[in-house]
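What you are looking at is a predicted structure, and each value in this text was computed from that prediction instead of being measured. Residue numbers begin at 1 in each chain, while the letters A, B, ... track the order of the sequences.
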2 protein chains.
Amino acid sequence: MGDHSARPRRRGEELIKAIHDAVLEEVLEVGVGRLTMDGIGRRAATPRTTLYRRWSDPVEVLLDALHHQHPVEEPTPGADDLHGDLVHALRLMVEWALSPAGRAVAAILTDPRSAALMSEALFERVFADRGGTFTRTVLRYYADRGCFPAELLTPVVADIGEALVTKRLIDTGAPPTDEELAAIVEQAILPAIGLGPRAPRP
Amino acid sequence: MGDHSARPRRRGEELIKAIHDAVLEEVLEVGVGRLTMDGIGRRAATPRTTLYRRWSDPVEVLLDALHHQHPVEEPTPGADDLHGDLVHALRLMVEWALSPAGRAVAAILTDPRSAALMSEALFERVFADRGGTFTRTVLRYYADRGCFPAELLTPVVADIGEALVTKRLIDTGAPPTDEELAAIVEQAILPAIGLGPRAPRP
DNA sequence: AAAATTAGATACATGAGTGTAGCTAATACT
DNA sequence: AGTATTAGCTACACTCATGTATCTAATTTT
C-alpha cells in the first residue's frame with residue numbers, strides 16, 4: 001500500500017476550511033435538497049466519519065461554513081458622487097450575490113425545508129453591521145448631507161435597487177452589466193428620492 | 001380482501017388531475033431537489049407504476065402539471081385610476097406568486113438542476129399572451145392615454161413593482177399587505193414615471 | 001522516543017428511492 | 001355478455017445515502 005498518502009493529512013483549520021469550501025461548492029451544484037454528507041465528503045476528499053465527528057447533517061455543515069465567512073464588504077460612499085456610489089454599491093451586491101456564500105444563502109432562503117434555519121444571528125454574522133441594504137448605506141450618507149430629503153428614504157425606496165438586481169439575477173441567471181446597473185440607478189432610485197430627470201438640480 | 005376499493009378507480013382526466021395537484025403540493029413541501037416518484041405517488045394515492053406509464057421522472061410530472069395550468073389572470077386597467085390599477089395588478093401578482101403554479105415555477109427557477117428546464121414555451125404557456133409584467137400592462141395602457149410620457153416606460157421601470165414584491169416575498173416569506181403594495185406604487189413606481197409627490201399634477 | 005490525538009479507511013446494517021415485471025380487478029367499450 | 005384497457009397492487013434487484021463501529025496510520029504533543 002504505497003501511495004495512500006500522496007497528500008499529507010490535513011488537520012485543524014486546514015481541514016475545516018477544505019470542508020467549508022467543499023460544502024459551498026457542493027450546494028451550488030446540487031442545491032440544498034440534494035446536499036449529502038457523501039457529496040460533501042467526496043468533494044472535500046475526506047471520509048464521512050470525519051464529517052460526522054463534527055456535524056450531524058449536511059445543512060449543519062453548510063450553516064457552519066456560512067458562519068465562518070468573512071463579513072460582506074460594505075459600500076464606502078465618497079464625498080460627492082451619489083450616482084457613482086449607488087452603481088458601486090449595486091456592483092458590490094452583485095459580486096456578493098454571485099459569491100459562494102451569497103449563492104449558498106440564496107439556496108437556503110429558497111429551500112422549503114431550510115429557510116427557517118437562516119437565523120437572525122447568522123444573517124447578521126454574514127452581513128456584519130451593515131445597517132441594511134447595500135444601497136441604503138449610500139442613500140443614508142447622502143441624505144445626511146442634505147442631497148435629498150431624508151424622509152424620502154423609506155424601506156421601499158431603500159429596497160428598490162437590490163430588488164431590481166435580484167429580479168434580474170432570477171430572470172436571466174446572469175449578472176447585470178454596468179449599463180444595466182446605471183439604468184436602475186437613473187430610472188428607478190434617483191426618481192424615488194426626487195432626483196429623477198425632471199427633478200430640480202441640487 | 002373486502003375493502004381494497006373503498007374509492008372507485010380514477011381514470012383519464014380525473015386521475016391526471018389528481019396527479020397534477022399532488023405534484024404541485026409535493027413540490028411546495030419538499031422542493032424540487034427532494035421531489036420523488038414515491039412522494040408524488042403517495043400524495044396522489046396512486047402507485048408509481050401508474051406514474052411511470054406516463055412520465056419518466058418527477059420533474060417531468062411537474063412540468064406537465066404546469067403545462068396544464070390555466071393561464072394567469074391578466075390585469076384589466078380601468079379608465080382613470082392609475083394608482084388603483086397598479087395596486088390591483090400587484091395584488092394579482094401576489095396571488096399568482098402564492099398559487100401552487102406560481103410557487104412551483106419559483107421552485108424550478110431556483111433549483112440549480114432544473115432552471116434550464118423551464119423552457120420559453122412553457123413560460124409563455126403559463127403566462128399566456130401577457131406582453132410582460134403585471135404592472136407593465138397597466139403602465140402601457142395609461143401611457144397610451146397620455147398620463148405620462150411613454151418613453152419613461154423602460155424595462156427597468158416596468159420591473160420595479162414586481163421586483164419589490166418578489167424581494168419582499170423572499171425576505172419575509174409572507175405576502176405584502178395592501179398598504180405595502182400602495183407604498184410600492186407611491187414611493188417607487190409613480191416617481192419613476194414622473195408622477196411622484198413632487199411631480200406636476202396631470 | 002513514547003504517548004496522545006485524530007484523519008483516513010473499511011465494513012456493516014438499514015432505509016429510501018428507482019425502475020421494472022407480472023398479475024388481478026375494475027371499468028369502459030363493443 | 002364478452003372483450004379491451006388500464007388502475008392498482010405486489011415483488012424484485014439494484015443504487016445511493018445514512019449512521020455507526022472499528023481499525024490503522026499519520027501527525028502532534030509530551
Hey, does L139(A) have a side-chain heavy atom less than 4.5 Å from the side chain of I189(A)? yes
With a 3.5 Å cut-off and heavy atoms only, can you find an N or O donor on one side and an acceptor on the other between the side chain of T46(B) and the base of dA7(D)? no
Between CH2 of W55(A) and P of dG19(D) the distance, given in whole Å, is 15 Å
Among L66(B), I40(B), D111(B), V32(B), whose side chain to side chain contact (heavy atoms under 4.5 Å, CB included) with V27(B) holds? V32(B)
Send over the distance from D38(A) CG to dT10(C) C1', rounded to a whole Å. 14 Å
Starting from P on dT27(C), measure out to CG on L15(B) and report it in whole angstrom. 13 Å
Rounded to the nearest Å, what distance is computed from the CZ atom of residue R7(B) to the P atom of nucleotide dA25(C)? 18 Å
Rounded to whole angstrom units, what separation is found between the CE atom of M37(B) and the P atom of dC14(D)? 22 Å
What's the closest nucleotide to the P58(A) side chain, out of dT6(C), dT18(D), dT5(D)? dT18(D)
For atom CZ of R54(A) and atom C1' of dT6(C), their distance in whole Å: 8 Å
Quick one: does R48(A) reach the base of dG19(D) with a side-chain donor-acceptor pair under 3.5 Å? yes
If only atom types and distance count, is the side chain of E14(B) paired as donor or acceptor with the main-chain N or O of R10(B) below 3.5 Å? no
Tell me: OH of Y52(A) to C1' of dT10(C), nearest whole Å? 16 Å
Confirm from the modelled atom types if T49(B) and dC9(D) form a donor-acceptor pair under 3.5 Å, side chain to base only. yes
Does R10(A) make a side-chain N or O approach to OP1 or OP2 of dG8(C) shorter than 4.0 Å? yes
Can you say whether a donor on the side chain of R53(B) sits under 3.5 Å from an acceptor on the base of dA7(D), or the other way round? yes
May I ask you to evaluate whether R9(B) reaches the phosphate of dT24(C), defined as a side-chain N or O under 4.0 Å from OP1 or OP2? no
Would D144(A) and R140(A) pass as an ion pair if we require N to O under 4.0 Å? no
Closer than 4.0 Å, any side-chain N/O of R42(A) to the OP1 or OP2 of dA17(D)? yes
Phosphate-side-chain proximity, R34(A) and dG17(C), N/O vs OP1/OP2 below 4.0 Å: no
Do side-chain atoms of E180(B) reach the backbone of T177(B) as a donor and acceptor pair under 3.5 angstrom? yes
Within this structure, what is the CG-to-C1' distance between D57(A) and dT20(D), rounded to whole angstrom? 16 Å
